[in-house]
Each structure stands twice: as structure tokens, then as C-alpha cells.
Amino acid sequence: MLKDFKPVLGILLRFIIIYLVLLFAYQFYLTTFKEQGLDPFSRMITRQVVFLQTLMGFPSALYDDVPKQQVWFHVRTRFVTRMVEGCNAISVMILFVSFIFAFYKGAKTFLFVTISLILLHIMNVLRITGLNIVCSDYPQYSKMSHDYVFPAIIYGSVVVLWLVWIKFFALKNENS
């Protein structure tokens, strides 16, 4: 009976090991920069969001709050949102990468993960930009946008990429 479940258990074990290794590596990364406030990757995202917002006609600036490990977005005339570590989508990307590598298919796995992470990063920058614009111009929709609409964008992107991986790469030989 265990033979029947061996492939599933292998995939599950790979997923758990990869997820834990990436999670611990990320926690180590975060503790390395704890005294500096927000980590460098999150800071890079804030600069990209400010650039995009300004380009779109929403003049923006950043206010660094090191003790609280956050950066505030000042859009047009007021502070509208703050960027904390959880906004950088790294945790979502770790989950994504763990799932994809659980269904490892050689070199194409690395290529798919690289392209997908770039797409997820772009989606995250667009998500934060969109949230800042909503909070700036339509504050009555801020909570709904932050809690439901914009998380659905990043999680929806992950699900779509997972489905693409499973349909066109991981199960391709089995469906032929």
C-alpha cells in the first residue's frame, strides 16, 4: 500500500524540505538587517513603487521609520500607506518556489521559476502602486482594497502560475 503513495509522499517531502530551507534562509536574511529598519529588498520595492506612481502622475516620496521597520508612502499631499516586510511578497514567492520544485522537471524548472518570480515581482509592484492610488484618491475603499482586492491579485497570480506549471510542464509527459 505504501508503494501506491510513494510518488505523492516524495512530492510532499520535497515541498516541505524546500519550504523550510527557504523559510529559514529568509528569516536569517531578515535578522541580518533588523537594526537597519526595512530590509534592502523591501526598500528596492518602495523605490520602484514611488518611481511608477510619480510616472503615473501621483507624485510620491518615502519616509523611513527605522525603529518600526517600515517605510511610509507620501502620495501627493499626505501619507497613505506604509510598507512593511510582509508587503514584499517574499513569503508568497517562497511558497510558490517550494511548490514548483516539488514537481521538479530538470532545467526547465529553473527557467520557469526565474520567469515566474520576475512576473510575481512586477505584479507586486503594480499591486502596491494600485493600493497607494486607491488609498490616495478613494480612501473609503482602502480597507477593502488592502484586505481583499489587492491580496487576490498576488495570490491569483501565484495560482495561475501553478496551474500553468502543472498543466504544461509537470504533467506534460503523463497527459501525452
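Quick note: residue numbers are just sequence positions, from 1.
Ion pairing between Asp39 and Lys34 fails under the 4.0 Å rule for side-chain N and carboxylate O.
Under the 4.5 Å side-chain contact rule for hydrophobic residues, Tyr19 and Val21 do not share a cluster. Hydrophobic clustering (ILVMFWY, side-chain heavy atoms < 4.5 Å, transitive): Met123 and Tyr148 are in one cluster. Val164 and Tyr155 fall within the same hydrophobic cluster, defined by Ile, Leu, Val, Met, Phe, Trp and Tyr side-chain heavy atoms under 4.5 Å apart, directly or through other members. By the rule that hydrophobic residues join a cluster once side-chain heavy atoms approach within less than 4.5 Å of another member, Val97 and Leu20 end up as members of one cluster. Grouping the Ile, Leu, Val, Met, Phe, Trp and Tyr side chains by contacts below 4.5 angstrom, directly or via other members, places Ile118 with Leu22.
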Residue pair Leu62, His74: steps toward the side-chain contact (heavy atoms from CB on, under 4.5 Å) verdict
CA-CA 6 Å; Leu62 298 170; His74 187 272; over 6 Å; no
Would you please test Phe24 and Phe28 for ring pair (Phe, Tyr, Trp, His ring centres under 6.0 Å) and show each step?
CA-CA 6 Å; Phe24 287 130; Phe28 177 75; over 10 Å; no
Let me see the working for Phe110 and Val113 under side-chain contact (heavy atoms from CB on, under 4.5 Å), right down to the final yes or no.
CA-CA 5 Å; Phe110 289 96; Val113 164; 5.8 Å; no
Chi angles and distances behind the side-chain contact (heavy atoms from CB on, under 4.5 Å) call for Leu126, Leu52
CA-CA 8 Å; Leu126 293 173; Leu52 185 58; 3.6 Å; yes
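In this structure, Ile154 and Leu120 approach most closely via the heavy-atom pair CD1-O, 3.7 Å. Residues Leu131 and Ser142 come closest through the heavy atom pair CD1-O, 4.3 Å. Nearest heavy atoms, Leu38 versus Ser42: CG-CB, 3.5 Å. The shortest heavy-atom contact between Arg82 and Cys87 is O-SG, 4.2 Å. Minimum interatomic distance between Ala102 and Ile18 (heavy atoms only, all atoms of both residues): N-CD1, 4.3 Å. Residue Met44 comes nearest to His121 through the heavy atom pair CE-CE1, 3.8 Å, listed as atom of the first residue, atom of the second, then distance.
Between the side chains of Glu85 and Tyr26, a donor-acceptor pair is found at a separation under 3.5 Å.
Under the 30°/60° scheme for interplanar angles, the aromatic rings of Tyr63 and Phe79 are found to stand perpendicular. Using the six-membered ring where Trp is involved, Trp162 and Phe99 have ring planes that are tilted, between 30° and 60° apart. Ring pair Phe169/Phe112 is tilted by interplanar angle, where 30° to 60° counts as tilted.
The side-chain heavy atoms of Trp72 and Thr81, taken from C-beta on, include no pair separated by under 4.5 Å. Contact annotation: the side chain of Pro67 approaches that of Asp65 to within less than 4.5 Å [non-hydrogen atoms, C-beta and beyond]. Annotation: side chain of Pro40 is in contact with side chain of Phe33 (closest heavy-atom distance under 4.5 Å). A 4.5 Å side-chain heavy-atom check between Pro139 and Arg78 finds at least one atom pair inside the cut-off. With contacts defined as side-chain heavy-atom distances shorter than 4.5 Å, the pair Arg43/Asp64 qualifies. In this structure the side chain of Leu95 reaches within 4.5 angstrom of the side chain of Phe15, judged on heavy atoms. You'll find the side chain of Val134 stays beyond 4.5 Å of the side chain of Val80, heavy atoms only. Under the 4.5 Å side-chain criterion, counting only non-hydrogen atoms from C-beta, Lys6 is not in contact with Leu9.
The number of heavy atoms from other shown groups lying within 6.0 Å of OH (Tyr29) is above 12. For Glu35, the CD atom is loosely surrounded, since the number of other residues' heavy atoms within 6.0 Å does not exceed 12. Applying the 6.0 Å contact sphere to OH of Tyr104 captures more than 12 heavy atoms from other residues, nucleotides or ligands.
With respect to Phe58, the side chain to side chain contact (heavy atoms under 4.5 Å, CB included) criterion is satisfied by exactly one of Val75, Thr129, Val50: Val75.
Atom CE of Met93 and atom OG of Ser98 lie 13.0 Å apart (nearest 0.5 Å). In this structure, CZ on Arg76 lies 11.0 Å from OG1 on Thr54, to the nearest 0.5 angstrom. For the atom pair CE (Met83) and CD1 (Ile128), the distance works out to 4.0 Å, reported to the nearest 0.5 Å. Rounding to the nearest 0.5 Å gives a distance of 8.5 Å between CH2 of Trp165 and OG of Ser116. If you take CD on Gln53 and CD on Gln48, they are separated by 12.0 Å, rounding to the nearest 0.5 Å. If you take CD1 on Ile100 and CG on Leu117, they are separated by 9.5 Å, rounding to the nearest 0.5 Å.
Side chain of Ser136 to backbone of Ile133: no donor-acceptor contact under 3.5 angstrom is found.
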